[in-house]
Amino acid sequence: MSKLSKKRIEVNGVQMDVAADDNEMLVNVIRRQLGLTGTKLGCGKGQCGACNVIMDGKVVRSCITKWSKVPECAEILTVEGLGTPTALHAIQWAFIANAAVQCGFCTPGFIMAAKALLDENPSPTREEVREWFQKTRNVCRCTGYRHIVDAVMEAAEVLRGEKPMTDFAKKLNPDGTLWGSSYPRPSAAFKVTGLWDFGDDARDKLPEGALYAAIAQAEVSHANIKSIDTSEAEAMPGVFKVITAKDVKGNNRINGLTFPSNKGDGWDRPILCDEKIFQYGDAYAMVCADTEEHAREAAKAIKVDLEVLPAYLNAMDAKADDAIEIHPGTPNVYYEQGIIKGDETSEIMKKCAFEVDGDFYLQRQPHLTMETDVGYGYYDEDGVLCIHSKSIGIHIHHAMIVDGLGLEPEKLRLIQNNAGGTFGYKFSPTMESLIGVAVMATDRPVFLRYDMEQHITYTGKRSPFWMNMRYGADEKGQIKAMESEYYVDHGPYSEFGDLLTVRGVQFMGSPYGIENIRGKGYTVCTNHAWGSAFRGYGSPQAFLATEVLMDMLAEKMGMDPLDIREKNVNVCAETGGTFPSGQPFDAYPFPEMVRRIRPKYEEAKKKAKAESTDQVKRGVGISLGIYGCGLDGEDSSSAAVEMLPDGVRVYDAWEDHGQGADAGTRGTASKALEPLGLKPEQIKLYKNDTAKCPNSGPAGGSRSQVMTGNAIRVACEKLLHSLEKDDGTYRTYDEMVAEKLPLKYEGTWTATMCSACDPVTGQGEPFPVYMYGLFMTEVAVDVATGKTTVEGMTLIGDVGTINNKEVVDGQLYGGMAQGIGLALTEDFEDIDRQRTIASCGVPYIKDIPDALTLDYVETPREHGPFGAAGCGELPLTSPHASVINAIHDATGAWVTHLPATPAKVKAAMEELR
Ligand code: MCN
Ligand code: FES
Ligand code: FES
């Protein structure tokens, strides 16, 4: 007999009787039984606070609170009980007004924790707010926490009656064009009230008859599949169908879209493994059942007979002579990217007064989004297979999965769900084809969600680079030549591995306009996690070597690290230096950035020296960073705008990871349509559906503000042109209709000034626009333990003209926090241990300093819409290198194999002694 415990509880002030299984977690009772999906399920392990609610006045993590522990007559408050978009609670308003909301997945959990704090302590200090969120385990991967603390402090002022809520509105500049303002993103009010549905929130909104899928995954890293036995699983309760590769109608492979010079053909990633297992977690079968629980139970009962093969878990092992080919017929080293710029470097090196070289390793950084991978599919009204997911490249993913599924292109439609952060892992299709196969095999709507462990072990990661780099400099410290060799551990699947390898030559040494460069990068197939895009894509690797080696050169020469950079960037500015690709810089703000940071740097150095003790050493580090906005070469984007009776609607596929694509589209359209004087709410958005939106390309490579921004501008200009009358005034909607003029206009913008880099020489003009930054980091290193604390980080950025100031600030804070994690804690190396966000080293609020400081040099860009560059990836280009340089400044020790864990820092200090 299955028993339920009935309790009378009060939820958001409403008394109700609820019956649930004693072992059920409160989060599931709230979300699935009560339908209050404002409370989010993130890690499911008590580590992220996304599920925080208030029970009897205390914050509880509802994912680890069993129903049996909920007292009779408990009073539970969820985000839905605080306010609504038209009647917001002060905390919700403050989160909007302080741009504390990006993807919004963590937001309800933070808001509930903040409410409990302010009920208990109406006047907290910033430090007390930070202590509180540390205690309530709230993690935000997007904001770097700064804006969240700002929001709580301002909400406290309002709640204490010291300022009216209307004061928030003053900051927002709602009059006139949105461009250059801090107007909140359109989704903000829904995110703070819990009304913004993410993928998992759609689960119970699917019609009756929908199936829930679970995958059967390999627990070894490399094996041949001898047989798969599904018979036991098929007989289990609730099972509708067990699916294997045999059920896939197409070629069962994802198209990796590889370069012509790639030694592989790109068809190497199976949808469901048929012959081989290539990495831990690979899916070889899938169960569709009436509930997720039944599907997961049955998936465990599928038996697979494997012949285990040697597993190559890093590039060095996989490229060894005796390693077998992971994809038989394709060498494990499957792509080479060279760079040949200027004269032969070996000769120049001989003449250099100083030469320095170093080995560097940047780790397999996990994305650690708060929302796990999730999606669903069904046949739509036209019989088209419609797949909803977190895809940040719906059109490119369409091309990558359609053959694997065996569909005609017009029979597949992709839609992006509201996403709780991706940071690039969704540049690759993850579960889209699995969902597609399941819908095709069952003819039912199918839902699939990975739990956090599956999300961590079975989605792509940043690809580690093993790098050796060498600078030769003259007696004044100017770099005359650079050499590099690097190996990219791209995991078992080749998609975008060649592209990533190109990034190495494009960005190694890039800030300094070095004239003579030789180098080579190699893409290596391994059996560790497959490589996917990660914010900064290739640049954190390139800049670890570039910027730490620069400090090594300074040390060798007895020069100050800022002085040597100043020397090099000034020479580059004076001589018209170019990128390693030979492309001219589209802006060169570094001399100005160095000038601006100098007083702050001198002061920080002085302070570090004064406050260093034998127990705690303090230091300051500098790094420069650059990233390109676009896909290499003649990248292109399209968007459309339609006149409505009361405004316009913009159609684009500028996907939203959480970065603020909605604000981006609306701000750009507002600027382009400035003569119409539209109010923000008159600019409506239709986004991210391949059936309805033009192909804007993926929201990767920080390309959207530039590429799709330009496409929106072009579409809006066409509309304006059509609206304009001879007397210079504009037609109304009714006049347009009366004159039978078209109401909808498509705009396309192509970077015709660009050309992709040559695989042998690395020469080309890859990006129309770049973004630039200078980081300064202050650290304290505990000598006894080796633990490093980042006490402050400053970023001076040049992202061109700014569309939305608070969005850009938020982007930069968030990326800086990820840079600190990259430098010190984050990794996905030990598959047995690193399966939770905590063990993968996600930074909590106390790991990130409150002292994150931003400054801007705003150089309008020739090819950016209204002068804008991108910004999303700038903050994760080289912050970690400034941390490593600061550790060296503090201790004299170099840690060049990241992350710089306490053990590594301690060992490096001991070695020095
Ligand atoms: N923006 C602006 N003014 C500028 C430049 C940009 O207001 N001069 C705004 C844009 O309108 C947009 C945001 O800044 O809202 C980022 O724009 P852009 O740099 O063009 O980048 P994309 O929109 O193409 O976003 C992708 C980029 C990448 S590649 C990753 S990865 C990433 C990122 O942005 N992942 C993110 N930021 C993220 N932020 C969050 N919260 N979550 C992620 O997963
Ligand atoms: Fe509950 Fe993460 S702490 S979902
Ligand atoms: Fe906090 Fe995205 S806004 S995780």
Side-chain angles (χ1 to χ4, degrees), residues 25 27 39-52 60-65 95 100-107 109-110 136-143 145 147-148 179-180 185 191 367-371 390 392 419-427 452 533-537 627 629-630 654-668 696-709 769 771 797-812 814-815 818 837 856 858 861 864-876:
M25 292 301 169
V27 69
T39 301
K40 303 301 171 197
L41 175 62
C43 67
K45 290 238 181 318
Q47 296 180 348
C48 78
C51 63
N52 279 345
V60 295
R61 274 163 276 164
S62 59
C63 75
I64 49 168
T65 305
F95 267 63
V101 186
Q102 290 192 30
C103 77
F105 195 83
C106 70
T107 306
F110 266 100
T136 54
R137 306 311 280 161
N138 285 91
V139 177
C140 177
R141 190 65 165 150
C142 298
T143 61
Y145 301 106
H147 276 150
I148 292 177
W179 187 264
R185 61 184 72 205
K191 288 173 176 170
H367 300 73
L368 305 178
T369 59
M370 295 300 98
E371 182 196 32
K390 293 178 71 179
I392 55 153
T422 92
F423 306 107
Y425 90 87
K426 279 304 304 176
F427 197 86
M452 189 55 86
F534 194 144
R535 193 179 203 169
Y537 195 53
Y627 205 63
C629 310
W654 181 343
E655 294 91 350
D656 207 338
H657 311 230
Q659 84 278 26
D662 53 351
T665 297
R666 197 169 65 174
T668 311
S696 309
S702 300
R703 64 185 283 285
S704 308
Q705 181 62 67
V706 172
M707 298 299 308
T708 306
V769 176
M771 49 209 164
D798 186 343
V799 300
T801 315
I802 289 173
N803 174 353
N804 187 306
K805 178 68 170 45
E806 292 278 16
V807 166
V808 171
D809 282 354
Q811 285 292 287
L812 301 194
Q818 289 180 327
I837 60 166
Y856 294 94
E858 269 192 66
R861 300 300 203 281
F866 312 109
C871 76
E873 290 167 282
L874 174 69
L876 199 45

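Ligands are counted one by one from 1 in listed order, and the atoms in each one are counted from 1 as well.
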**Prompt:** In degrees, rounded to 10 degrees, what angle do Cys63 atom SG and Cys51 atom SG make at atom 1 (Fe) of ligand 2?
**Reply:**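 Rounding to the nearest 10 degrees gives 110°.
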
**Message:** Between Asp662 (side chain only) and Arg185 (backbone N and O only), is there a donor and an acceptor less than 3.5 Å apart?
**Reply:**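 Side chain of Asp662 to backbone of Arg185, a donor-acceptor pair under 3.5 Å: no, none is there.
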
**Asked** Taking both backbone and side-chain atoms of Val706, is any N or O found less than 3.5 Å from an N or O belonging to ligand 1?
**Response**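 It does not: no N or O of Val706 is found under 3.5 Å from an N or O of ligand 1.
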
**Message:** Please check whether Gly872 reaches ligand 1 - meaning an N/O of the residue sits under 3.5 Å from an N/O of the ligand, judged on distance alone.
**Reply:**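 Between Gly872 and ligand 1, an N or O pair is found under 3.5 Å apart.
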
For [atom], what's the nearest protein heavy-atom neighbour? Residue, atom name and distance, please.
atom	answer
atom 30 (C) of ligand 1	His657 CE1, 3.6 Å
atom 9 (C) of ligand 1	Val807 CG1, 3.8 Å
atom 21 (O) of ligand 1	Ser702 CA, 3.6 Å
atom 37 (N) of ligand 1	Gln811 OE1, 2.7 Å

Atoms of ligand 2 less than 4.0 Å from [X] heavy atoms?
X	value
Gly42	4 (S)
Gln47	3 (S)
Cys43	2 (Fe), 3 (S), 4 (S)

**Asked** Within a strict 4.5 Å, meaning less than it, do heavy atoms of the Leu876 and Phe534 side chains meet?
**Response**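 Yes, at least one pair of side-chain atoms sits under 4.5 Å.
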
**Prompt:** Looking at side-chain heavy atoms only, is the closest gap between Met452 and Lys45 below 4.5 Å?
**Reply:**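 Not touching, per the 4.5 Å side-chain cut-off.
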
**Prompt:** Where the closest heavy atom to atom 2 (Fe) of ligand 2 is concerned, which of Gly109, Cys48, Gly46 has it?
**Reply:**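 Nearest heavy atom to atom 2 (Fe) of ligand 2 lies in Cys48.
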
**Asked** Looking only at heavy atoms of Gly104, does any of them come nearer than 4.0 Å to an atom of ligand 3?
**Response**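 It does, in that a heavy atom of Gly104 comes within the 4.0 Å cut-off of ligand 3.
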
**Request:** May I ask whether Gly800 places a heavy atom under 4.0 Å from ligand 1?
**Result:**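 No, Gly800 has no heavy atoms under 4.0 Å from ligand 1.
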
**Message:** Is it the case that the side chains of Glu806 and His147 hold a donor-acceptor pair, with the cut-off being a distance below 3.5 Å and no angle test?
**Reply:**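 Indeed, the side chains of His147 and Glu806 share at least one donor-acceptor pair under 3.5 Å.
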
**Apex atom 1 (Fe) of ligand 3; atoms Cys140 SG and Cys106 SG; angle rounded to 10 degrees** =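 It comes to 110°.
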
**Prompt:** What atoms of ligand 3 come closer than 4.0 angstrom to any heavy atom of Arg141?
**Reply:**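 Within the 4.0 Å cut-off of Arg141, ligand 3 contributes 4 (S).
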
**Message:** Can you name the atoms of ligand 3, numbered from 1 with element, that are less than 4.0 Å from a heavy atom of Met370?
**Reply:**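 Ligand 3 atoms under the 4.0 Å threshold to Met370: 4 (S).
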
**Asked** Parallel under 30°, tilted from 30 to 60°, perpendicular over 60°: which one fits the rings of Phe95 and Phe110?
**Response**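 Tilted, since the angle between the ring planes falls between 30° and 60°.
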
**Request:** Answer yes or no for Cys103: is there an N/O/S atom below the 2.8 Å cut-off from atom 1 (Fe) of ligand 3?
**Result:**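 Looking at Cys103, which is the residue asked about, there is no N, O or S atom under 2.8 Å from atom 1 (Fe) of ligand 3.
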
